[in-house]
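One structure below.
Sequence lines set the chain letters: A, B, ... in the order given, protein chains first and strands last, and positions in each chain run from 1. Note that this is a predicted model, so its numbers are computed, not measured.
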Protein chains: 2
Amino acid sequence: MPADPKNPVTLKDVATASGVHFSTVSRALNPATRNLVKPQIAARILETARTLGYRPNSLASSLRTKRSGVVGVVVPDMASLLFPPILEGIEHNLLKEGYMTIVANSANDPQRHRRILEGMMERQVDGLIIASATLRDPILDEWLQGHAPIVLMNRTDEFGRAPAVLSDDIKGIGLAVHHLAGLGHRRIGHIAGPASLSTGAARLNGFLLACAELSIPEAQRPVVTSAAFSREEGRRACVTLLAQNPDLTAIVAANDMIALGCYDVFAQQGLVCPRDMSITGYNDSPFMDVVSPPLSTVRIHQRDMGLEASRLLLARIAGQDMPGDVLLRPQFIARQSTAAP
Amino acid sequence: MPADPKNPVTLKDVATASGVHFSTVSRALNPATRNLVKPQIAARILETARTLGYRPNSLASSLRTKRSGVVGVVVPDMASLLFPPILEGIEHNLLKEGYMTIVANSANDPQRHRRILEGMMERQVDGLIIASATLRDPILDEWLQGHAPIVLMNRTDEFGRAPAVLSDDIKGIGLAVHHLAGLGHRRIGHIAGPASLSTGAARLNGFLLACAELSIPEAQRPVVTSAAFSREEGRRACVTLLAQNPDLTAIVAANDMIALGCYDVFAQQGLVCPRDMSITGYNDSPFMDVVSPPLSTVRIHQRDMGLEASRLLLARIAGQDMPGDVLLRPQFIARQSTAAP
DNA sequence: AAATTTGCTACAAACGTTTGTAGAGCTTCA
DNA sequence: TGAAGCTCTACAAACGTTTGTAGCAAATTT
């Protein structure tokens, strides 16, 4: 029962209440230093602290110790289904270690991105997990030599200036292309993600690479780039892809949202999937098994990505440096959006 | 270019570099007090602060001013599709005012819930948005008279001890029931959410009320309670509901996840929706328009809920107290999971 | 019995801010 | 010329911790 909501009880209050110096209270309350104070006094202090409703002030403690116990997480798009499971994984690991996470949504807006990073740094975060990096990221430059360790997630930058936790996009898209080729498709279009994002670029590379392996001629593997990883932009890209390539039998979309956009276009143009057109997504976002038709897609283990990123960050905070990146193994999930042409 | 990543530049550094006292630097840097310092000196200070790469330390500032510029948000389940848009709305409003949000996931675990709230309070959050309240919430008690204003969201508690932003669940479920009745259904089952949550209880009440209005006899409106708002528990509940009531023609599920669980059971038992069975959800979670069949559901404007909750919290932080709750108007979205029996 | 060690506690400084107050230099007016 | 007022800046205290150091009593050793 804290006496007064307006004047929270401090170390000093506990100290006077138990007749010792407040530094003694500090030691008694901290398990690591409790052995420095006589057991019965420590017990008395703990008791009065409890009855007074003492609650430590992290700000003061952090100011002194230079450790805030807070890490920042920046995602490019909160509403994307990709991130909730990732965040869950991150938080799971961090809370275990006593950290809390402040998360913010850059909304793919550089201005906002900068403000968010500034806010986090001013609040003295102990580390940063950034899922919103672009390939050439001028904003990132300012922070990489800052005092807080940074881990990139899902996307990396052009030069790998910070350790990253990524899906192996090249391999993942390869799985999708080989799956389609195995079904007999020879005219496969790709709707690429933005070229400014490592995911967009890597998946495009993976697509081209796989087509080369299968010796699909250049004319039979058209590529259209979507302006964003969104359902709307997926729609637009799909319309142009289909218009320019009427003989296509399959589409490899750079992610699930784009694939859903394609679904919309199919419905609009009277195409039945997978009879008239096969399509694959990427990410295996939640509920892709229940859309119609259930989407064949490349699964990335989202929670694992969060777990790995936080594990890596904790290691870096502890001073153990990590030389390379973590590449998560993707897995192809065949559902009903793909069939023989 | 901050000189040394390990020793960040402080007010004092800027002060010595520009030959003034550090308190003068503080005033010069703060737009509100800048008029107290001679314009040319202020300009010089700003300039050296910029070149030195000065970045204020929020912790120190907060310690002094007793305002952290951080608010806490607690959600019961990060992976639920309900919360990302809500969080987006919250963050939108708060970032505008210079606040950052620390969000945590109670995972419906009281132990964890308590730890999270403690962590947030210790970190001196200026306010709290709680989406994880249970009807009789012993944990909540401890914090309601704490120093940080609290706003409940999506769920409220039994006594309305804190202002809440809610969907009008009674009305919302009523919309669903009347829709089904309008199609000709007279034997309608309800899969209720947990009775310990206000959403579960209110939607059950709404269901009973609407059935009473339509004078559907008690025997024709069976209710089964699901242990959680999840697809898995929805499946289990659906199985028992169907087993006990073979003549049912429609189900009103307490939320979309439960409805998806029912989809699974339908598929398993060879029931074709909506031919053999109609079903409605609640929330209109993302992508419910693209599941098969597209789910008829009650839409709550999730981003608005986040916007309202944050608006209300900001008002309370500013000292303006809000007498009542905010009830968001729900809207029924008819899709293809409902048809005449 | 004196000297040394041990166990414990009090004191004080520091972390980086904000902000009340005192005072220095200047102008203004009698 | 001296008092009074006005601008501006320096000083210092405070926010609530953590932690190095000093000191004091009791316990141990010689």
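For C:dG16, one of the phosphate oxygens OP1 or OP2 lies less than 4.0 angstrom from a side-chain nitrogen or oxygen of A:K66. Within the structure, every side-chain polar atom (N or O) of A:T65 is placed at least 4.0 Å from both OP1 and OP2 of D:dT18. Distances shorter than 4.0 Å separate none of the side-chain N or O atoms of A:T24 from OP1 or OP2 on C:dT9.
Under the 3.5 Å distance criterion, the side-chain polar atoms of B:S80 are matched with a main-chain donor or acceptor of B:L82.
Nucleotide C:dT9 holds its P atom 16 Å from the CZ atom of A:F22, rounded to whole Å. In this entry the distance linking CG of B:D13 with P of C:dG16 reads 8 Å, nearest Å. Between the P atom of D:dA14 and the CG atom of B:L59 lies a distance of 22 Å, rounded to the nearest Å. B:K38 places its NZ atom 9 Å from the P atom of C:dC26, with the value rounded to the nearest Å. Separating the CZ atom of A:R34 from the P atom of D:dT18 is a distance of 12 Å, rounded to the nearest angstrom. In this structure, CG of A:N57 is placed 18 Å from P of D:dA14, rounded to the nearest angstrom. Rounded to whole Å, the distance from CZ on A:R44 to P on C:dC8 is 14 Å. For the pair B:K12 NZ and D:dT9 P, the interatomic distance rounds to 20 Å; values are reported in whole Å.
In this structure, A:E118 does not pair ionically with A:R123, as no charged nitrogen and carboxylate oxygen lie closer than 4.0 Å. Checked for salt-bridge contact, B:E158 and B:R136 meet the test: a charged N lies under 4.0 Å from a carboxylate O. Remark: A:E47 does not engage A:R44 in a salt bridge, criterion side-chain N to carboxylate O under 4.0 Å. A salt bridge between B:E97 and B:R311 is absent, with no side-chain N of the basic residue lying under 4.0 Å from a carboxylate O of the acidic one.
Where A:L36 and A:A60 each meet DNA chain C at their nearest nucleotide, the meeting point lying more 5' is that of A:L36. With the nearest nucleotide of DNA chain C identified for both A:L63 and A:I41, A:I41 has the one nearer the 5' end.
Closest contact between the side chain of B:R27 and the listed nucleotides C:dG20, D:dT17, C:dT18 involves C:dG20. Ranking D:dT19, D:dA12, D:dC15 by closeness to the A:R64 side chain, first place goes to D:dT19. Distance from the side chain of B:S26 is smallest to C:dT18 among D:dG16, C:dT18, C:dG20. Of the listed nucleotides (D:dT17, C:dA10, D:dC8), C:dA10 has the atom at the smallest distance from the side chain of A:S23. Of the candidates C:dA10, C:dG16, C:dT17, the closest approach to any side-chain atom of A:V20 belongs to C:dA10. Nearest nucleotide to the B:H21 side chain, out of C:dT9, D:dA10, D:dA13: D:dA10.
Residue-level contact check: B:T10 touches the backbone only, with heavy atoms under 4.0 Å from sugar-phosphate atoms and none from bases. Counting any heavy atom pair closer than 4.0 Å across all strands shown, B:S61 reaches sugar-phosphate atoms only and no base atom.
Looking at B:R123, its side chain has no donor and acceptor atom pair within 3.5 Å of the base of D:dG16.
More than 12 heavy atoms of other residues, nucleotides or ligands shown are found within 6.0 angstrom of CZ on A:R34.
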